[in-house]
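The structure presented is a predicted model; accordingly, all values stated were derived computationally and were not measured. Note that the numbering runs from 1 along the sequence shown for the chain.
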Amino acid sequence: MTIALLLTLAALAVVDSTSFGTLGIPVYLLLSSGRSRASRLLIYLATVAVFYFLVGVALMLGLTAAMDAFGDALNSRPAYMVQLALGVGLFALSYRFDPKWRAKRGKPERTFKPRVGGPRAMVLLGLTAGVLEVATMVPYLAAIGMMTSSGLVVAQWVPVLAGYVLIMILPPLALMGLRGVAGAWLEPKLERLRAWMTKHSASMVSWTLAIVGFLLARDAAVYLFW
């Protein structure tokens with residue numbers, strides 16, 4: 001294990017820490033009302049961290065190898081036709097969230113605001129955020145690939161993976177600590193960030209669906225038509 005590898009993995013973790021699930025939703029929770037907002041945020045972040053860690057462990061232990069057992073079926077023409085249909089469907093669905101598309105048809109703009117609740121609601125919110133971001137966790141998948149290709153043993157990659165996940169949730173933890181000592185100064189900045197994310201949340205979802213749909217459709221089209 002080299003210093004260069006560790007620095008690269010840390011950089012990927014920092015990129016992952018800026019996603020909607022690891023930064024956007026925590027900002028909402030920080031600005032929520034009630035005395036238990038700190039505990040709600042900690043439960044949410046713990047759920048996200050455990051989810052990411054378990055996904056990483058599954059991949060490192062050979063989830064991709066298990067999928068290779070179905071390689072013939074997954075590389076067949078019917079499978080790629082299903083993938084093409086799924087990609088086109090996701091791309092088309094992206095327009096349903098696009099603010100401009102909805103405005104032209106007189107439909108109200110969609111906004112996404114996490115529901116704040118008790119511990120169970122926070123666990124469910126964390127799991128939902130993790131599942132929705134699985135398709136777009138490109139930095140995380142790249143990190144898994146780098147650790148796999150580096151030939152790390154279990155005793156090496158388990159703490160590295162745990163450290164990666166910890167870096168992912170450090171920004172909201174830092175914001176929580178900063179809010180405790182400089183709440184009056186930080187509060188308006190968090191409010192502006194929340195307002196910006198609320199305004200552009202639908203566009204972010206639209207672009208995510210469009211990009212994932214395009215990539216799926218392009219991959220299938222190359223196999224089917226070229």
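Between the side chain of Tyr164 and the main chain of Ala143, no donor-acceptor pair closer than 3.5 Å is present. Asp16 places a side-chain N or O within donor-acceptor distance of the main-chain N or O of Tyr140, the cut-off being under 3.5 Å.
Nearest heavy atoms, Ala217 versus Val88: CB-N, 4.2 Å. Taking each heavy atom of Leu161 and Val57 in turn, the nearest pair found is CD2-N, 3.6 Å. Leu84 and Phe225 make their closest contact through CD2-CE1, 4.0 Å (heavy atoms, listed as atom of the first residue, atom of the second, distance). In terms of heavy-atom proximity, Ser17 sits nearest to Ile167 at CB-O, 4.0 Å. Pairing each heavy atom of Pro172 with each of Pro26, the nearest pair is CB-CB, 3.6 Å. Of all the heavy atoms in Val154 and Pro159, the pair that sits closest is O-CD, 4.2 Å.
Summarising the local packing, CE of Met146 is surrounded by more than 12 heavy atoms from other residues, nucleotides or ligands at distances under 6.0 Å.
The side-chain contact (heavy atoms from CB on, under 4.5 Å) test with Leu173 is passed by exactly one of Leu41, Leu45, Leu178: Leu45.
Taken to the nearest 0.5 Å, the CG atom of Leu61 stands 10.5 Å off from the CG atom of Leu54. A distance of 12.5 Å separates CD1 of Ile25 from CG of Leu30, quoted to the nearest 0.5 Å. Taken from CG in Leu175 to CG in Leu23, the straight-line distance is 6.5 Å, to the nearest 0.5 Å. The distance from atom CG of Leu125 to atom CZ of Arg120, rounded to the nearest 0.5 Å, is 16.0 Å. Considering CD of Gln83 and OH of Tyr223, their distance stands at 11.0 Å, rounded to 0.5 Å. One distance of note links CG of Leu5 with CE of Met147; it measures 8.0 Å at 0.5 Å rounding.
Linking Ile, Leu, Val, Met, Phe, Trp and Tyr whenever their side-chain heavy atoms come within less than 4.5 Å leaves Leu124 and Tyr28 in two separate clusters. Residue Val153 is not grouped with residue Val160 when hydrophobic side chains (ILVMFWY) are merged at heavy-atom distances under 4.5 angstrom, including chains of intermediate members. Under the 4.5 Å side-chain heavy-atom criterion for ILVMFWY residues, a single connected hydrophobic cluster contains both Val131 and Ile43.
With contacts defined as side-chain heavy-atom distances shorter than 4.5 Å, the pair Val48/Tyr52 qualifies. Under the 4.5 Å side-chain criterion, counting only non-hydrogen atoms from C-beta, Met168 is not in contact with Val14. Between Phe51 and Leu127 the shortest side-chain heavy-atom distance falls below 4.5 Å.
Aromatic rings from Phe214 and Phe91 are positioned such that their centres are separated by 6.0 Å or more.
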- Task: Verify side-chain contact (heavy atoms from CB on, under 4.5 Å) between Met60 and Val158, making sure each step is shown before the conclusion.
- Result: CA-CA 9 Å; Met60 291 296 295; Val158 166; over 6 Å; no
